[in-house]
2 protein chains.
Amino acid sequence: MNKKRTTLKDIAIVLGISTAAVSKALNDDARISVKTKNAVKKVAKELDYQPNHLASALRKGKSKLVGLIVPRTNSNFFSSVVENMEEVLNKAGYNIIITQSNESFEKECDNIDTLLYLQVDGIIASMANETVDLSYYEKIKSNGIPLILFDRGENDLNVDYVGINDYDSSHMIIEHLVKQGCKRIAHIGGYRRTRIFNNRIRGYIDAIKKHDLPHDDELLIESSLTLEDGRKQIEKLLSLKNRPDAVYVASDYAALGALQVLNEMGIKVPEEIKLVGFGNEPFTSLVTPSITSIDQHSKQIGKLAAETFLGYVDKDVVEQSLNKLILDSALIVRDSSK
Amino acid sequence: MNKKRTTLKDIAIVLGISTAAVSKALNDDARISVKTKNAVKKVAKELDYQPNHLASALRKGKSKLVGLIVPRTNSNFFSSVVENMEEVLNKAGYNIIITQSNESFEKECDNIDTLLYLQVDGIIASMANETVDLSYYEKIKSNGIPLILFDRGENDLNVDYVGINDYDSSHMIIEHLVKQGCKRIAHIGGYRRTRIFNNRIRGYIDAIKKHDLPHDDELLIESSLTLEDGRKQIEKLLSLKNRPDAVYVASDYAALGALQVLNEMGIKVPEEIKLVGFGNEPFTSLVTPSITSIDQHSKQIGKLAAETFLGYVDKDVVEQSLNKLILDSALIVRDSSK
DNA sequence: TACTTTTGGTTAATCGATTAAACAAATATA
DNA sequence: TATATTTGTTTAATCGATTAACCAAAAGTA
């Protein structure tokens with residue numbers, strides 16, 4: 001059953017022409033007669049010819065593969081980004097290799113090595129939380145292939161970036177909470193060293209100041225933003241002498257953790273404390289009460305990142321610079337803040 | 001900045017030896033002296049040599065790539081399977097290419113074509129719900145590379161399969177519900193044409209009969225098992241003259257939909273109706289009440305599927321047969337059924 | 001000493017597709 | 001008619017790593 005694959009040579013032999021002619025015929029070269037092309041295509045179909053990707057990639061120096069690095073695929077945001085990215089890239093003849101860093105810097109470096117080893121024509125990445133050292137990413141650039149960052153980016157790399165406006169998103173949230181009558185708003189944010197979380201924090205602080213609300217240190221907490229840490233941090237906030245009347249959490253997962261604790265303690269949401277998350281994960285609409293959140297336009301981000309990559313193909317020298325594509329986010333108001 | 005990659009030739013020139021010697025040195029060939037090996041490795045490191053995967057794959061006829069096809073990566077089950085599969089395969093020098101079918105037969109066929117085109121050394125797949133026509137999968141087999149199925153499999157393909165015992169899982173669930181005092185148990189199952197769902201249905205029916213419980217037709221429903229369909233089907237069950245006192249849903253997502261409706265209608269779970277899901281998705285423990293579910297041992301499944309694949313490498317002829325690895329599942333009892 | 005074996009390489013072919021360069025035949029142009 | 005151009009194809013080199021076959025020198029053996 002283990003038959004050999006059909007090669008150009010097999011077709012050439014059947015037709016009594018050279019493999020070069022066959023290759024050109026299949027690639028619609030202008031110098032091949034229509035008659036020959038048709039004959040070649042017919043035989044190719046009959047023999048079920050499948051081009052050998054390895055051979056052509058080796059010869060052309062292009063693999064038609066794009067590497068993708070994400071923290072995890074099991075969040076809705078990333079899986080939606082992937083889906084839309086795939087659609088754009090497949091149309092252009094590219095295939096995606098997905099890798100997960102699991103938020104680990106070490107795994108991320110491994111992934112980069114793997115992708116470079118596979119000779120991908122470009123890398124699209126969202127960085128792990130842990131990642132501070134950028135030398136591995138510099139390695140991509142010095143390989144001469146384009147690097148596109150999305151969601152979790154880093155200015156210092158001076159490459160293209162696609163994401164939402166985190167700073168403005170924070171403003172939208174505070175604006176909304178103020179309209180709901182909140183006077184003391186806390187923020188469970190991510191680590192400041194990660195740019196997007198820093199921006200959310202800056203947005204929070206500026207919006208708070210703009211509305212002349214209290215911005216006590218105790219109201220601003222840095223967190224790993226896991227569900228567990230969300231639980232821990234809300235407990236800290238609840239133990240304050242002067243409790244907040246609203247909490248803006250920079251991740252839906254941590255927001256869910258907070259909500260669990262609030263529910264367990266019988267604290268009514270939104271009556272006693274209003275809650276806002278970030279990311280618009282599907283479960284935000286499923287839990288009780290449903291959680292107000294920020295939609296990050298994952299579809300758009302996926303598409304734009306893919307298109308940005310495609311802008312670099314067939315340039316022989318890749319010359320990148322910091323080029324930010326910032327989308328407006330959307331606030332999805334649900335029960336937890338009404 | 002766009003420097004060329006280091007090749008074997010570059011190393012050979014530096015040391016004044018042949019590229020063959022360099023290749024053998026790097027591959028620890030017995031016929032190369034330790035002295036030469038060390039010299040080669042030193043220079044390789046200095047020049048930051050990275051082997052050209054395409055060239056070696058082309059020459060060796062092995063890509064050291066494994067293709068993975070899953071319905072979606074954004075469920076915890078699949079992303080956990082992937083993670084563990086990756087661990088085993090990476091250790092053996094293999095890399096994974098992940099593709100999603102989005103439950104579409106057409107996309108699944110595309111994925112198979114893509115993976116074969118990339119010359120993967122094997123394919124590990126969980127089939128889309130839609131898939132009935134197996135000819136595309138036969139294509140994999142006739143390509144002479146191993147095919148391993150997991151979770152969603154199909155006996156007729158006569159290949160290896162790794163999964164849990166769906167039939168027994170149904171028995172465990174019914175057993176548990178009977179112990180909790182339930183007398184009228186409904187089942188919102190998947191489509192019978194998908195083997196695993198058919199097995200769950202058979203298990204449900206047999207267990208019901210075993211306990212002499214009513215098995216009215218109206219208590220057994222086939223569903224697409226999405227969250228939305230879960231909502232729709234529970235409404236159907238609630239509108240029965242003779243309502244069930246327990247519902248076993250063959251997917252956590254559909255179970256969640258059912259729970260939402262029950263909560264909205266003020267029907268107390270578990271007091272009035274007990275609910276059991278399937279899959280042990282993280283949210284089952286997060287919602288109120290938490291949902292009793294079946295854990296599918298995703299880690300084990302990922303590992304075993306990977307190891308099964310590895311069992312075929314370096315066999316020059318792949319000879320597969322129906323070979324089922326069935327794991328016992330675990331019932332995780334939570335509030336929704338206590 | 002004369003022959004065999006081992007050691008440590010080298011040479012050249014190969015994987016399959018692509019492509020620059022060459023070339024013969026057909027067609028156009030002066 | 002003689003020359004130039006176009007058309008359609010072939011030849012041969014190439015991408016980079018691997019490997020079968022070969023070979024010279026060193027070491028072992030009778």
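All chains are named by letter (A, B, ...) in the order of the sequence lines, taking the proteins before the strands, and each is independently numbered beginning at 1.
- Atom P of nucleotide C:dT19 and atom CG of A:Asp28 are separated by 14 Å, given to the nearest angstrom.
- Looking at the side chain of A:Asn27, the nearest of the listed nucleotides C:dG16, C:dT7, C:dT18 is C:dT18.
- Contact check on A:Glu83 versus B:Lys107 returns no salt bridge, with no Lys/Arg side-chain nitrogen under 4.0 Å from an Asp/Glu carboxylate oxygen.
- Listed pair A:Tyr117 / D:dG16 fails the phosphate criterion, with no side-chain N or O lying under 4.0 Å from OP1 or OP2.
- Taking atom NZ of residue A:Lys64 and atom P of nucleotide C:dT18, one finds them 12 Å apart after rounding to whole Å.
- No contact: A:Leu54 has no heavy atom under 4.0 Å from any strand.
- Between B:Ser56 and D:dA17 there is no side-chain polar atom (N or O) within less than 4.0 angstrom of OP1 or OP2.
- The side chain of B:Thr19 contributes no N or O atom lying less than 4.0 Å from OP1 or OP2 of D:dG16.
- Close to D:dT18, at under 4.0 Å from its OP1 or OP2, lies a side-chain N or O of B:Ser23.
- Candidate nucleotides C:dA17, D:dT19, D:dT10 were compared by shortest atom distance to the side chain of A:Asn52, and C:dA17 ranks first.
- Atom NE2 of B:His53 and atom C1' of D:dG16 are 13 Å apart (whole Å).
- Computed from coordinates, the A:Ile32 CD1 to C:dA25 P distance equals 17 Å when rounded to whole Å.
- Taking atom NZ of A:Lys62 as the reference point, atom C1' of C:dT19 lies 16 Å away to the nearest angstrom.
- If you measure from atom NZ of A:Lys9 to atom C1' of D:dT11, you get 14 Å, rounded to the nearest angstrom.
- For C:dG9, the OP1/OP2 oxygens have a side-chain nitrogen or oxygen of B:Thr36 closer than 4.0 Å.
- Under the 3.5 Å distance criterion, the side-chain polar atoms of A:Gln100 are matched with a main-chain donor or acceptor of A:Thr73.
- With DNA chain C read from its 5' end, the first of the two nearest nucleotides for B:Ala30 and B:Ala55 is the one closest to B:Ala30.
- Which of C:dG16, C:dT18, D:dT18 sits closest to the side chain of A:Leu58 comes down to C:dG16.
- Atom pair B:Lys35:NZ and C:dT7:P shows a separation of 17 Å (rounding to whole Å applied).
- B:Gln119 pairs in a side chain to side chain donor-acceptor pair (under 3.5 Å) with only one of the listed residues (A:Gln50, A:His53, A:Arg5), which is A:Arg5.
- As rounded to whole Å, 19 Å separates atom P of C:dA24 from atom CD1 of A:Ile17.
- B:Asn155 and B:Tyr161 share no donor-acceptor pair across their side chains, judged by distance under 3.5 Å alone.
- If you take CG on A:Leu89 and CG on A:Asn95, they are separated by 9.0 Å, rounding to the nearest 0.5 Å.
- Under the 4.5 Å side-chain criterion, counting only non-hydrogen atoms from C-beta, B:Ile98 is in contact with B:Val82.
- Taking every side-chain heavy atom of A:Arg31 into account, D:dG8 is the closest of C:dA20, D:dA20, D:dG8.
- OP1 or OP2 of D:dT11 has not a single side-chain nitrogen or oxygen of A:Ser18 nearer than 4.0 Å.
- Under 3.5 Å, the side chain of A:Lys24 and the base of D:dT10 form at least one donor-acceptor pair of N or O atoms.
- With distances taken from any side-chain atom of B:Arg59 to the nucleotides D:dG16, C:dT11, C:dG16, the minimum falls on D:dG16.
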